[in-house]
Amino acid sequence: MSPIRVIIVDDQAMVRAGFAALLSAQADIDVVGEAPDGRQGVALARATHPDVVLMDVRMPEMDGLAAAREILDPPAGVVHRPKVLMLTTFDVDDYVYEALRAGASGFLLKDAPPADLIGAVRVVAAGEALLAPSVTRRLIADFAAQRPAPRRGAVSLRLNGLTPRETEVLELIARGLSNQEIAGRLVLAEQTVKTHVGRVLAKLGLRDRAQAVIFAYEAEVVRPGNPG
């Protein structure tokens, strides 16, 4: 199995060096490049075709949000779309929410333990769940509470295409539950849950579970602050 190809986009040289050293020490991860700002990060992603882009939120020239949008919604002729993992601090702002809506696969706090960073890269590369569920849920809920749900009619129409079971699975995804936890909650086989998740994403036209969380808040399948 080929190593996970990663690039690191951050304006702090020490952060890039630290992350690169940590990730390169893993047998299944290969750091194929670094960039000090979003513009160079986009160019590097197009040149190196990484599996995962670690993208800082705040940078000069082009911030992480604009860079993530360019990488995840490339111009015609560009077919490679890596997973994007946003790097942020606890003083999170709207950038994170907008980045997730743009298609980023999640975000990680910069001061997270090394094992969390390594695990995050592997999880995102595999297309699995949104990262740091407890933190992510709370922050997305905060952002969702601060703005009206956009395109309400269109969101509701897409939601109507789901079966009751699929809607139930979407709600549990939005609450940060893993496939195994959803299986336990609904008394289903984990493989059955995986099938439901795949159908939910396909029917709603969503790239991954991160976008499913955003959609669920916008469609008011779950509401900020509701107990799980």
Identify whether the distance between the nearest side-chain nitrogen and carboxylate oxygen of [X] and [Y] falls below 4.0 Å.
X	Y	answer
D11	R58	no
R122	D28	yes
R185	E181	no

Looking only at heavy atoms, which two atoms of [X] and [Y] are closest? And how far apart?
X	Y	answer
G41	I7	O-CD1, 3.9 Å
S105	K83	OG-CD, 3.5 Å
G33	L44	C-CD2, 3.6 Å
L72	G103	CD1-C, 3.3 Å
L206	A212	CD1-CA, 3.6 Å
V221	L170	CG2-CD2, 4.0 Å

Under 4.5 Å between any side-chain heavy atoms of [X] and [Y], yes or no?
X	Y	answer
V200	T167	no
H80	P50	yes
H196	V193	no
V124	V84	no
K194	L188	no
R46	P74	yes
D30	V6	no
V197	E166	no

Look at the side chain of [X] and the backbone N and O of [Y], then say whether any donor-acceptor pair between them is shorter than 3.5 Å.
X	Y	result
D63	L65	yes
Q26	L23	no
H49	P82	no
E70	A66	no

* Sort out for me which residue in V53, D56, L87 forms a side chain to side chain contact (heavy atoms under 4.5 Å, CB included) with V9. =>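 Output: one option passes, namely V53.
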
* To do: Could you grab the distance from atom CG of L186 to atom CG of L177, nearest 0.5 Å is fine?
  =>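 So the CG of L186 and the CG of L177 are separated by 9.0 Å.
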
* Nearest 0.5 Å, what's the CE-CZ distance between M14 and F19? ->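 The distance works out to 12.0 Å.
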
* To do: Before giving the answer on side chain to side chain contact (heavy atoms under 4.5 Å, CB included), spell out for T88 and M86 the whole-Å C-alpha distance, their side-chain angles and the decisive distance to 0.1 Å.
  => CA-CA 6 Å; T88 186; M86 305 301 294; 5.8 Å; no

* **Partner residues of A20 under the side-chain contact (heavy atoms from CB on, under 4.5 Å) criterion, sequence neighbours left out** =>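 Once residues adjacent in sequence are excluded, the partners of A20 under the side-chain contact (heavy atoms from CB on, under 4.5 Å) criterion are I8, V31, E34.
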
* For I182 and E168, what are the C-alpha separation, side-chain angles and deciding distance, and is it a side chain to side chain contact (heavy atoms under 4.5 Å, CB included)? -> CA-CA 10 Å; I182 294 173; E168 200 171 12; over 6 Å; no

* Where do D10 and D37 land on the side chain to side chain contact (heavy atoms under 4.5 Å, CB included) test, with the steps shown first? -> CA-CA 6 Å; D10 194 296; D37 62 62; over 6 Å; no

* **side chain to side chain contact (heavy atoms under 4.5 Å, CB included) evaluation trace for V121 with I4** => CA-CA 8 Å; V121 168; I4 301 166; 4.0 Å; yes

